[in-house]
Amino acid sequence: MTGRRSASASAVLRVVLDEGAIARSTIARRTGLSAAAVTGHVAELMHRGFLTELPEVAGAVGRPHVPVDLDTGRFVVCGAHVAVENLTVGLLDLRGKVLAQQEVPHHGAEPAVQVAQIAELLDDLLIGHAPERTPLGLGVATGGWVDEASGTVVEHGLLGWSGVPLRDLLTEVTGLDVRVDGHSRALIHAERLLGQPRARSSVVQLFTGNVVDAAFATGGTVHHGPRSAAGAVAHLRVDDSDEPCRCGRSGCLEATVSERTVARKAAEAHLVEEPNFADVLHLAKSGNQRAVTIFHERARIIGQAAALLFDVLNPEILIVLDQSVRDVDGCLSTIRDEVSQRSWICQDAAKNVVASSFPGTELATAGGAVMLNALYEDPLFTRLANAS
């Protein structure tokens, strides 16, 4: 009974997320729940502070109705993304809107150091941007192998992490309810909740930064695999690459397209003085043709992986999250062209291979989406309920 009650409350909350201000009678039609059940769930969700009533609206026929909507002013969801070189923290409302975010270099790879820095950054954001709001919890996304069930980073080679209990460490320091997941799965949650409606059917998320990984969802389920190891595409072999990889082989996807490799090659070609990815990206954004060529060649290799994922998993859409897709003209087109040439399954790459729905806020959204997904899956969860 408790599980059914939670599922019904989840259905009600998700309809309000999708539709905005909506009458209880319309919620009943959308969810298939009885009017009495909807009335009860709405009352409970209002009591918990997730929904609020709006001024009544007079209909063309019959009595005025009182719509309900998400209460986006009461709570705040904290998000953090742990990258190889930077930390991103953000605050989101219940609709996933990023209210504030900050990206900074982390002080060191040691887990305790990063945990302390995340807590300090969040305190600053909460005091500066949401002093009157109640934090619902903290969602954390990172690359590498993340066991979502235990909140443990099983392996993150580029950070040198192994068996790091990140959820427990952050819970102890922040006092918040903390959820941890891999960033590709987190971004799928974000797309399905807040972004691409087609992602609810089936979706692949391909993340390419210093870490390269993927995630897949179909129907209502994001695939995790045993210990959440699904999506490990870093060591896929790609054509025309002899780039050495930390695994001991050469030609692996992550080693070939990582931001560190791009920066190093640009420095070797004397495009930049120091191997700094942001500098190379800035050159390409500014139209430097040699820098643009580096990114287009990289996009061609990313397209190889995208084509393989498309043929193996046959999703409705494949989403590529990469800074060059967002900032460098022609990169997304190059990926699509490669998918069109290589995939046996994808019939329309322009339609089926797309960029992230959250340009400029991808990493903060990824972290926040870990907690938002927990909320929308079970809004009656005890610790979330007690936040009100």
If only atom types and distance count, is the side chain of [X] paired as donor or acceptor with the main-chain N or O of [Y] below 3.5 Å?
X	Y	result
Ser258	Thr261	yes
Asp213	Ala232	no
Arg249	His235	yes
Gln347	Ile345	yes
Arg179	Ala149	no

Enter the distance from [X]:[atom1] to [Y]:[atom2] here, rounded to the nearest 0.5 Å.
X	Y	atom1	atom2	result
Ile118	Cys78	CD1	SG	11.5 Å
Leu187	Leu194	CG	CG	11.0 Å
Leu94	Leu193	CG	CG	11.5 Å
Leu17	Tyr376	CG	OH	4.0 Å

> What residue pairs, at least two apart or across chains, pass salt bridge (charged side-chain N to carboxylate O under 4.0 Å, His left out) with a residue in residues 337-351?
Replying inline: Asp239-Arg342, Glu338-Arg342
> Under the salt bridge (charged side-chain N to carboxylate O under 4.0 Å, His left out) rule, what pairs show up with a residue in residues 188-202, not counting sequence neighbours?
Replying inline: Asp18-Arg200
Compute whether any side-chain donor of one residue and acceptor of the other, for [X] and [Y], lie under 3.5 angstrom apart.
X	Y	result
Thr152	Asp147	no
Arg29	Thr26	yes
His282	Asp327	no
Ser241	Thr256	yes

Shortest non-hydrogen separation from [X] to [Y] and the atoms involved:
X	Y	answer
Glu254	Val211	OE1-CA, 3.4 Å
Leu45	Ala9	CD1-O, 3.9 Å
Phe50	Pro379	CE1-O, 3.3 Å

>> My understanding is that only residues two or more places apart in sequence, or in another chain, count here; which of them pass side chain to side chain donor-acceptor pair (under 3.5 Å) with Glu274?
In response: none
>> Test of understanding: with side chain to side chain donor-acceptor pair (under 3.5 Å), list the residues that count as partners of Thr174, not counting sequence neighbours.
In response: none
>> As a quick check of understanding, evaluate side chain to side chain contact (heavy atoms under 4.5 Å, CB included) for Glu316 and Val203, giving each step before the final call.
In response: CA-CA 6 Å; Glu316 180 72 23; Val203 57; over 6 Å; no
>> Let's go through Asn288 and Ser286 carefully: what are the C-alpha distance in whole Å and the side-chain angles of both, what is the deciding distance for side chain to side chain donor-acceptor pair (under 3.5 Å) to 0.1 Å, and is it a yes or a no?
In response: CA-CA 6 Å; Asn288 182 289; Ser286 302; over 6 Å; no
Pair [X] + [Y], salt bridge at N-O below 4.0 Å:
X	Y	answer
Lys265	Glu268	no
Arg185	Glu148	no
Glu243	Arg264	yes

> Should side-chain heavy atoms under 4.5 Å link Ile, Leu, Val, Met, Phe, Trp and Tyr, which residues sit in the same cluster as Trp145?
Replying inline: Val154
> Hey, mind stepping through Glu362 and Arg326 against salt bridge (charged side-chain N to carboxylate O under 4.0 Å, His left out) and telling me if it holds?
Replying inline: CA-CA 11 Å; Glu362 300 99 330; Arg326 183 185 69 203; 3.0 Å; yes
> In a check of side chain to side chain contact (heavy atoms under 4.5 Å, CB included) between Val257 and each of Asp322, Val262, Val238, Val212, which one passes?
Replying inline: Val212
>> Among residues at least two apart in sequence or on other chains, which ones pass side-chain contact (heavy atoms from CB on, under 4.5 Å) with Ala278?
In response: Asn276
